[in-house]
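Single-structure report; data block below.
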Amino acid sequence: MSEELPFDPPLPPRAAPEEQLHLDLEGWEGPLDLLLDLARRQKVDLRQISILALVDQYLAYIGQAEALKLELAADYLVMAAWLAYLKSALLLPKAEQEDPSPEELALRLQLRLARLGAMREAAARLLARDRVGRDVFVRGRPEGLRLDRRSVWQCDWYALVSAYGQVKARTAPVVHMVRTRPVMTLDSALDRVSAMLGVRIDWTELREFLPPHAEPRLRRSALASSFVAALELARRGQAELRQDAAFGPLHLRCVAA
Amino acid sequence: MTGPDPILRSVEATLFAAEQPMSVEQLSAHLGGAEVRPALAALEAHYRERGIRLVERGRRWQFQTAPDLAHLLRREREQLRRLSRAATEVLAIIAYHEPVSRAEIEAIRGVQTAGGTLDVLMEAGWVRVAGRREVPGRPVIYATTPEFLSHFGLASRRELPGLDELRAAGLLDSVDEAYRTLAEDPADGADPVITASDSAPLEKPAQSA
Amino acid sequence: MTGPDPILRSVEATLFAAEQPMSVEQLSAHLGGAEVRPALAALEAHYRERGIRLVERGRRWQFQTAPDLAHLLRREREQLRRLSRAATEVLAIIAYHEPVSRAEIEAIRGVQTAGGTLDVLMEAGWVRVAGRREVPGRPVIYATTPEFLSHFGLASRRELPGLDELRAAGLLDSVDEAYRTLAEDPADGADPVITASDSAPLEKPAQSA
């Protein structure tokens, strides 16, 4: 290999001279890109390109850039090692080949290069099209189309009036109405118990004073008011109360005058 | 057809892409000193009947939409939207109590009223500011508009049903009451337990015997 | 001359004033449901030779200046921000392979793609996230936008330069697919035997003439 590179540096170095060697690789988007560039430089139909020649070129190029920045060059060095392996495998007798075969590896590499090359061409052709803002121009000062959304509010009479009803109902002072229900008032219980007690001098259970055929709700009310009536009569000294056991039946009798 | 004259095409494209109207001199300079007046005249005539026009304004030329199509540039799309529950309540309160301040509306509703609610009602054209109340703070007061009456098919506010009518229509039934009706009726057999809250004013008692 | 058809004038004025390209549906909706296709066809023909053109890009229509007049208009205009080579390549890969995941882009390019590259393309409005691929890891997949077609003067993706040839040559298939094809059907390959001295046959290279 001559001391000259067999090709021009693909891109002029963009960095300061002292970094020139380091930054040579920055012209490429990775080792595959560099390989593709080298392949193109063989200036033959890519179909006839020699992978071995390509490997040599790549290794020579990497060898030139001795003072590679490692963090930048790692990918390139990995590729170099792999290519060196590929080259030796390709040169070995077939019998000693491993799986996958070096031929398969080489073919896959070429397929990858072809795909990257295709996209590179496509990108170039895409960028060469008539682009808006470069080759063709849209209107400089369009008036613009304005679409004003106007809300048309909907509400009907019923919704309005019932909303008012709801407000009034919601905020009216809370008045609890007890619906008509069968009750015996204290006054009537007092009259009733006092009248029934008038003649009894034996102890009589409170239950005896309740209306005999009252429906349950009235009966309960009568029990409560009759109990209070009994207490009232006892307070007035007109009756005596007796209960033999806690929660036992309550008895009363009249106090002899 | 042979394409239009190159200068005409250039003038057309330049004015189309220009961000400002251009004078004859500017155009000519832009096109390397070409004589642009004939092209302008031809373009002006060409576009006279079309959707766009080439017009001269203050000695500067520009394309613009044909005046009779100006309405296309600004379209209104009507969007039907139902008034929210809160807005309906506020509207009803204003209708029944007008003129009424925001604080009064809130006192009646029992909840704060978002500012946006009144804005919506004014945007709908149903409520207007009717002045200020001459009390400390001079609060703005609101009233309904003639559009309100016509939208709701009312000859006047007096046609709004009164409280008695609302009650008769069941519209004043509170939620509590409706609930009690539900809760009590099926409990026919259960003995009513008299509690402090329940017992207050007794109605005429049903007496036995 | 009698003036052009009213719908034609309306379409002309609307597209002239629009800030964005408009689809047939948008135009029709803007013009109250009118059938706009005949007008678009007539306008497209009318403007074909003029300084401005009516073009369809990604199913949307817009007026723009004639490409041959670019030299007149380019001056005094700021240059388009230059895309980096990486961004250009990524854009091409997305356009020709869409929808495509980042890993697939990287497989083609042989290098990692900086996150900023995709950001730049998305910020330009040319690339969008098109969902996720239903494979393990559910990678995000990318596709181009109507703005991409519009910017690059493409009526549809089918107009991507060289798309048919690339597809016919298998260059849009993955390396695995391509290798499998070659391995299974060696008779098809032009030069399937790989020798040490001269390596594998490259597929038809994707060279522009």
Side-chain angles (χ1 to χ4, degrees), chain B residues 1-23 26-34 36 38-55 61-79, chain C residues 1-22 25-34 36 38-40 42-55 61-80:
Chain B
M1 118 189 201
T2 57
D5 164 63
I7 294 182
L8 184 142
R9 291 181 72 236
S10 302
V11 170
E12 191 177 36
T14 303
L15 283 175
F16 171 85
E19 279 157 6
Q20 299 294 330
M22 291 175 83
S23 66
Q26 286 171 316
L27 268 171
S28 177
H30 190 80
L31 300 178
V36 296
L40 284 169
L43 284 168
E44 195 271 333
H46 174 83
Y47 280 102
R48 202 170 292 155
E49 304 278 331
R50 301 194 65 89
I52 50 186
R53 299 269 175 90
L54 183 63
V55 295
W61 292 83
Q62 67 182 51
F63 279 110
Q64 66 177 35
T65 312
D68 64 310
L69 298 177
H71 64 280
L72 292 177
L73 304 188
R74 211 185 139 171
R75 297 239 109 165
E76 278 204 343
R77 180 174 293 171
E78 293 196 341
Q79 205 174 12
Chain C
M1 114 189 202
T2 57
D5 165 62
I7 294 181
L8 184 140
R9 292 183 71 236
S10 298
V11 170
E12 188 177 36
T14 301
L15 283 175
F16 214 75
E19 283 160 334
Q20 299 290 330
M22 291 176 83
E25 293 74 24
Q26 286 171 320
L27 266 171
S28 178
H30 192 80
L31 299 178
V36 298
L40 285 169
L43 285 167
E44 196 270 329
H46 173 83
Y47 280 98
R48 205 169 291 156
E49 305 278 332
R50 302 193 64 89
I52 52 187
R53 298 265 176 93
L54 181 62
V55 295
W61 293 81
Q62 67 186 23
F63 278 110
Q64 63 182 35
T65 57
D68 65 304
L69 300 176
H71 61 285
L72 290 176
L73 304 164
R74 207 169 282 161
R75 70 180 73 157
E76 295 169 27
R77 287 187 177 271
E78 56 186 64
Q79 281 291 310
L80 284 182

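Protein chains get the first letters and strands the later ones, always in sequence-line order, with residue 1 at the start of each. All heavy atoms count here, side chains included; hydrogens, waters and symmetry mates do not.
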Taking every non-hydrogen atom, the tightest pair across A13(C) and G51(B):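 That would be CB-O, 3.4 Å.
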Using side chain to side chain contact (heavy atoms under 4.5 Å, CB included) as the criterion, list what pairs up with S10(C), not counting sequence neighbours. L69(B), L72(B), L31(C)
What verdict does the side chain to side chain contact (heavy atoms under 4.5 Å, CB included) test give for R9(B) and D68(C), after you've listed the backbone C-alpha separation in whole Å, the side-chain angles of each residue and the deciding distance to 0.1 Å? CA-CA 10 Å; R9(B) 291 181 72 236; D68(C) 65 304; 2.9 Å; yes
Any donor-acceptor pair under 3.5 Å from R50(C) side chain to L8(B) backbone: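 Judged by distance alone, no pair lies under 3.5 Å.
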Geometric class of the F63(B)/F16(C) ring pair [parallel <30°, tilted 30-60°, perpendicular >60°]: perpendicular
About how many Å separate CG of L15(B) and CD1 of I52(C), when rounded to the nearest 0.5 Å?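 Rounded to the nearest 0.5 Å, the CD1-CG separation comes out at 10.0 Å.
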